[in-house]
Amino acid sequence: MDPIVLAAGTALVTAMATDAWQSARDGAIALWRKVRPEQADIVEAELVEVREQMFETRRDGDADTEQALVGSWQVRLQQLLRADPSLAQEIKRVVDEVLTPALEPADQERVGSLVMKARASGHGRIYQAGRDQTIHER
């Protein structure tokens, strides 16, 4: 899955439980209006429905359901991106300018994406980490 889609789905669902919900919703709907305008009203209604679910999952401390909601919107955004690959820059803009600023600092860290690629040959070793890393070799 495209890293920007992973970030966007996480940010969108997380922003549902914030005061900046309206701008987050508007940013997401704008993406649909651009690629699949005939679905925009349906997606808007579904976002409202999912927002209610989000409040329930937060109230119940149900992290599994919250993660499932994130995953479902990541899949939907990935489908949108497949329909129009040029949408990647617009998704990134919505994440950077609309969704991420709406989040608490701790949630902003969860939204960031990290892509690491490496290639080793022969007896080469590769060590990669998204944060702290300790290596003990003998």
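Each residue takes its place number in the sequence, starting with 1. Nothing here was measured: the structure is a model prediction, and the numbers come from that model.
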Short side-chain donor-acceptor distance under 3.5 Å, Arg25 and Gln22: yes
Within one Ile-Leu-Val-Met-Phe-Trp-Tyr cluster: Val35 and Ile42, side-chain cutoff 4.5 Å: no
Heavy-atom donor-acceptor pair, Thr100 side chain to Asp96 backbone, under 3.5 Å: no
Derivation and outcome, side chain to side chain contact (heavy atoms under 4.5 Å, CB included), residues Leu12 and Val70: CA-CA 8 Å; Leu12 176 61; Val70 168; over 6 Å; no
Rounded distance [0.5 Å steps], CZ in Arg93 versus CG in Leu99: 9.5 Å
Atom CG of Asp60: over 12 foreign heavy atoms under 6.0 Å: yes
With sequence neighbours excluded, residues passing side chain to side chain contact (heavy atoms under 4.5 Å, CB included) with Arg33: Ile29, Ala40, Asp41, Glu44
By side chain to side chain donor-acceptor pair (under 3.5 Å) - contacts of Gln78 (at least two apart): none
Reported CH2-to-OG1 distance for the pair Trp73 and Thr10, which is rounded to 0.5 angstrom: 13.5 Å
Non-neighbouring partners of Asp62 that pass salt bridge (charged side-chain N to carboxylate O under 4.0 Å, His left out), sequence neighbours left out: none
Nearest atoms (heavy-atom pairs only) where Ile4 meets Lys92: CD1-CA, 3.6 Å
Sidechain-backbone polar pair: Gln74 side chain, Gly9 backbone, donor-acceptor under 3.5 Å: no
Residues which pass salt bridge (charged side-chain N to carboxylate O under 4.0 Å, His left out) with Arg76, listed by chain and number, not counting sequence neighbours: Glu46
Spacing of OG1 belonging to Thr57 relative to CD belonging to Glu52, to within rounding of 0.5 Å: 11.0 Å
Shortest non-hydrogen contact between Lys34 and Leu87, atoms and distance: CD-CD1, 3.9 Å
Approximate separation, where rounding is to 0.5 Å, of Asp2 CG and Ile91 CD1: 7.5 Å
With sequence neighbours excluded, residues passing side chain to side chain contact (heavy atoms under 4.5 Å, CB included) with Thr18: Ala15, Ala20, Ala102, Leu103
Residue pair Trp32, Leu47: steps toward the side chain to side chain contact (heavy atoms under 4.5 Å, CB included) verdict: CA-CA 12 Å; Trp32 262 268; Leu47 284 168; over 6 Å; no
Stepwise side chain to side chain contact (heavy atoms under 4.5 Å, CB included) check, Leu31 with Leu77: CA-CA 9 Å; Leu31 297 172; Leu77 287 161; 4.1 Å; yes
Spacing of CZ belonging to Arg58 relative to CE belonging to Met16, to within rounding of 0.5 Å: 11.0 Å
Val94/Glu90 under side chain to side chain contact (heavy atoms under 4.5 Å, CB included): CA gap, chis, key distance, verdict: CA-CA 6 Å; Val94 169; Glu90 183 64 14; 4.0 Å; yes
Side chain to side chain contact (heavy atoms under 4.5 Å, CB included) partners for Gln53, two or more places apart: Val50, Leu69
